[in-house]
> 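The structure follows.
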Amino acid sequence: MSQAKKILIIDDEREFCVLIYDYLRPRGYEVAFATNPDAGIETARDLGPDLILLDIMMPGKNGFEVLKGLKANPKTASIPVVMLTALDDDGSRRNSAENFSEDYITKPVSCEALMAKIEAVLKRRGHIEKM
């Protein structure tokens, strides 16, 4: 990767955010995280990340509400969002797809599997070169 790709994690579980942060940083990614939905939306607008990892079950706004808000804002509408959640039901997957998420990953997930998904989305979107 020539320039560090920016990943934003929006998840209310701080320990999970730190785990992903600690995994991605040494692999050349610039990583930011927000542990509440409103801060996540604001950070997405300010940072302009290349990809957002978004939890669904959070206090206040849930991930679907955050996703709708991101896709409705011209500054964040084109940022690919990968839902990263413990919810593994068809309704949640359908809601995610209907609101234009790029992918859907269920927790628990290995760091290697998450990395593969991130790279696949960034390649599809032209953010990193295809190998």
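Numbers here simply count residues along the sequence, with the first being 1. Scope of the values below: all heavy atoms of this structure, side chains included, with no hydrogens, waters or symmetry mates.
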> Assigning hydrophobic clusters by single linkage (Ile, Leu, Val, Met, Phe, Trp, Tyr; side-chain heavy-atom cutoff under 4.5 Å), is M58 placed with M83?
yes
> Are F33 and V109 connected in a single hydrophobic cluster, I mean Ile/Leu/Val/Met/Phe/Trp/Tyr linked by side-chain heavy atoms less than 4.5 Å apart?
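Same cluster: V109 reaches F33 through Ile, Leu, Val, Met, Phe, Trp or Tyr contacts under 4.5 Å.
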> Do the charged groups of K107 and D11 touch, with an N to O distance under 4.0 Å?
yes
> Establish whether Y23 and L122 are linked, either directly or via other cluster members, by ILVMFWY side-chain heavy-atom contacts under 4.5 Å.
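Yes, same cluster.
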> Quick check: does any side chain N or O of K5 sit under 3.5 Å from a backbone N or O of D50, one acting as donor and the other as acceptor?
no
> If you round to the nearest 0.5 Å, how far is CZ of R93 from CD of E98?
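If I round to the nearest 0.5 Å, the distance is 14.0 Å.
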> Give a yes or no answer on whether the side chain of K71 reaches the backbone of N99 with a donor-acceptor pair at less than 3.5 Å.
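Judged by distance alone, no pair lies under 3.5 Å.
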> Restricting to non-hydrogen atoms, name the atom on P49 and the atom on A44 that form the minimum distance, rounded to 0.1 Å.
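Result for this residue pair: CD-O, 3.5 Å.
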> What is the distance from atom CG of D55 to atom OG1 of T85, rounded to the nearest 0.5 Å?
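Rounded to the nearest 0.5 Å, the CG-OG1 separation comes out at 5.0 Å.
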> Kindly give the heavy-atom pair with the smallest separation between I56 and Y104, and that separation in Å.
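Heavy-atom minimum between the residues: CD1-OH, 3.7 Å.
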> Show your working on side chain to side chain contact (heavy atoms under 4.5 Å, CB included) between L87 and T106 and close with a plain yes or no.
CA-CA 7 Å; L87 295 177; T106 55; over 6 Å; no
> Flag yes if M57 and I52 sit in one hydrophobic cluster, no otherwise; membership is Ile, Leu, Val, Met, Phe, Trp, Tyr, and two members link when side-chain heavy atoms are under 4.5 Å apart.
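Yes, M57 and I52 fall within the same hydrophobic cluster.
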> Nearest 0.5 Å, what's the CD1-CG distance between I10 and L84?
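Answer rounded to 0.5 Å: 11.5 Å.
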> Can the positive tip of R14 be found less than 6.0 Å from the middle of the six-membered ring of F16, inside 45° of the ring normal?
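Because its charged atom misses either the 6.0 Å distance or the 45° angle limit, R14 does not stack over F16.
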> When you measure from the side chain of T35 to the backbone of D12, do you find a donor-acceptor pair of N or O atoms at a distance under 3.5 Å?
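Here the side-chain-to-backbone pair does not exist.
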> Taking atom types as modelled, find out whether S92 and D89 have a side-chain donor-acceptor pair closer than 3.5 angstrom.
yes
> I would like to know whether I20 and L114 meet side chain to side chain contact (heavy atoms under 4.5 Å, CB included); could you show each step before the answer?
CA-CA 9 Å; I20 301 305; L114 179 60; 3.4 Å; yes
> Do L54 and I105 belong to the same hydrophobic cluster, where Ile, Leu, Val, Met, Phe, Trp and Tyr are linked whenever their side-chain heavy atoms lie under 4.5 Å apart, directly or via other members?
no
> Between atom OH of Y29 and atom CD of E119, what is the distance when rounded to the nearest 0.5 Å?
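The OH atom of Y29 sits 4.5 Å away from the CD atom of E119.
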> How many angstroms lie between CD1 in I118 and CG in L51, if you round to the nearest 0.5 Å?
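So the gap between those two atoms works out to 6.0 Å.
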> What is the distance from atom CZ of R25 to atom CD1 of I7, rounded to the nearest 0.5 Å?
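CD1 of I7 is found 11.5 Å from CZ of R25.
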> What is the minimum heavy-atom distance between L8 and G40, and which atoms define it?
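Heavy atoms of L8 and G40 come nearest at CD2-O, 3.6 Å.
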> Which heavy atom in A4 sits nearest to a heavy atom in G28, and how many Å separate them?
CB-O, 3.4 Å
> Do R45 and L70 make a side-chain contact, defined as non-hydrogen atoms from C-beta onward lying under 4.5 Å apart?
no
> List the steps, then state whether side chain to side chain contact (heavy atoms under 4.5 Å, CB included) holds for R124 with V121.
CA-CA 5 Å; R124 268 197 312 267; V121 170; 3.3 Å; yes
> Exactly one of K123, K117, R125 should register a salt bridge (charged side-chain N to carboxylate O under 4.0 Å, His left out) with E102. Which one does?
R125
> Of the non-hydrogen atoms in P37 and V66, which two are nearest, and what is the gap between them?
CB-CG2, 3.5 Å
> Between the main-chain N or O of S96 and the side-chain N or O of S101, is there a donor-acceptor pair closer than 3.5 Å?
yes
